[in-house]
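The structure appears right after this line, and notes come after that.
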2 protein chains.
Amino acid sequence: MDNQLDSFFGAMADPTRRAVIERLTQGPAPVSELHAPHDIALPTFLKHLRKLEDAGLVRSEKRGRVRTVHIEAAPLAVAEDWLARQRRVWEGRLDRLSHLADRLPPDVS
Amino acid sequence: MDNQLDSFFGAMADPTRRAVIERLTQGPAPVSELHAPHDIALPTFLKHLRKLEDAGLVRSEKRGRVRTVHIEAAPLAVAEDWLARQRRVWEGRLDRLSHLADRLPPDVS
DNA sequence: AAGTTGGTTATCCATGTGGCTAAGTATTGC
DNA sequence: GCAATACTTAGCCACATGGATAACCAACTT
């Protein structure tokens, strides 16, 4: 996809995928274990995993017949930073507004 | 949609929509001004705005023929919190692992 | 009153997404 | 070797998404 944020936010915009991420923060797990709590077919679930992997949120290795998946935390931090930055601009605007309000009588017609 | 996070992350998974949010952190603006920098047709752009509004990220009022849009910052904070929580669990796991490592000789067979 | 401006509504289209089943491959256990 | 396990690939389907045009309405401007 375009931006890294595109694929990240796209990946998080689904409850199944968020649940997988939540689970993986507690440590790696094989595909079958990740799939177990979700009431959808395995191939469908694999497509979700694929999307997480494409977004760089997750990595996996196969040993024998079992594929173990682990989280890649960096992208989470990138998105968190983006959101924090927006919030700071927003809050900064509020600050500037209140400062303006302080100086309202002299400055504004 | 399902969760509030669904519609939030869904809304952010598009560069046009993120650009609108970035612009709106600096203050409200009419639709035409928001649309100007984007090289897409107005009706297409309006669909993006609609999605932002559906996700509760933005609100708008119409006065005369001009509709003014302003940001609703709360959902940003909700998502930021969710991400921060994931990060804390992830980091907590690392902490526990290192603590475990400290106690490795006595505790582990 | 006529024209311009700022949105809005209605359709349409190609592609993406999330779901399924069926069938296949490769390990591992007996 | 055979069966069970753990994915994997292929194909199908309904609906959502992001894009477009055309036509419309309402409110200013002149």
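Below, chains carry the letters A, B, ... as their sequence lines are ordered, and counting in each starts from 1. Values in this document were obtained by computation on a predicted structure and should not be read as measured data.
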Rounding to a whole Å, what distance do you find between [X]:[atom1] and [N]:[atom2]?
{"X": "Met12(A)", "N": "dT17(C)", "atom1": "CE", "atom2": "C1'", "value": "18 Å"}
{"X": "Arg50(B)", "N": "dA16(D)", "atom1": "CZ", "atom2": "C1'", "value": "14 Å"}
{"X": "Lys51(A)", "N": "dA16(D)", "atom1": "NZ", "atom2": "C1'", "value": "12 Å"}
{"X": "His38(A)", "N": "dC20(C)", "atom1": "NE2", "atom2": "C1'", "value": "18 Å"}
{"X": "Asp54(A)", "N": "dT17(C)", "atom1": "CG", "atom2": "C1'", "value": "13 Å"}
{"X": "Leu42(B)", "N": "dT8(C)", "atom1": "CG", "atom2": "P", "value": "9 Å"}
{"X": "Glu61(A)", "N": "dA6(D)", "atom1": "CD", "atom2": "C1'", "value": "17 Å"}
{"X": "Arg63(A)", "N": "dA26(C)", "atom1": "CZ", "atom2": "P", "value": "19 Å"}

Determine: side-chain N/O of [X] to OP1/OP2 of [N], distance under 4.0 Å, yes or no.
{"X": "Ser32(B)", "N": "dG7(C)", "result": "yes"}
{"X": "Lys62(A)", "N": "dT27(C)", "result": "no"}
{"X": "Lys47(A)", "N": "dG16(C)", "result": "no"}
{"X": "Thr16(A)", "N": "dG18(C)", "result": "no"}
{"X": "His48(B)", "N": "dT17(D)", "result": "no"}

- prompt: With nearest nucleotides of DNA chain D determined for Gly10(B) and Val66(A) from heavy-atom distances, which residue corresponds to the more 5′ nucleotide?
  reply: Val66(A)

Quick check for you: among [options], whose closest atom lies nearest to any side-chain atom of [X]?
{"X": "Arg67(A)", "options": "dG7(C), dA22(D), dT8(D)", "result": "dT8(D)"}
{"X": "Thr44(A)", "options": "dG18(D), dG7(C), dG19(C)", "result": "dG19(C)"}
{"X": "Arg65(A)", "options": "dG18(D), dG18(C), dT27(C)", "result": "dT27(C)"}
{"X": "Leu46(A)", "options": "dT9(D), dG7(C), dG18(D)", "result": "dT9(D)"}

N-O pairing of Asp6(B) and Arg18(A) below 4.0 Å: yes

- prompt: Taking NZ, NE, NH1 and NH2 as the nitrogens, is one of them in Arg87(B) or Glu80(A) under 4.0 Å from a carboxylate oxygen of the other?
  reply: yes

- prompt: For Glu22(A) and Trp82(B), does a side-chain donor sit closer than 3.5 Å to a side-chain acceptor?
  reply: yes

query: With a 3.5 Å cut-off and no angle check, do the side chains of Arg59(B) and His70(B) form a donor-acceptor pair?
result: no

message: I'd like to know whether Arg50(B) forms a salt bridge (Lys or Arg N to Asp or Glu O under 4.0 Å) with Asp54(B), so could you lay out the CA-CA distance, the side-chain angles of the two residues, the decisive distance to 0.1 Å, and finally the verdict.
response: CA-CA 6 Å; Arg50(B) 178 87 192 281; Asp54(B) 287 351; 3.8 Å; yes

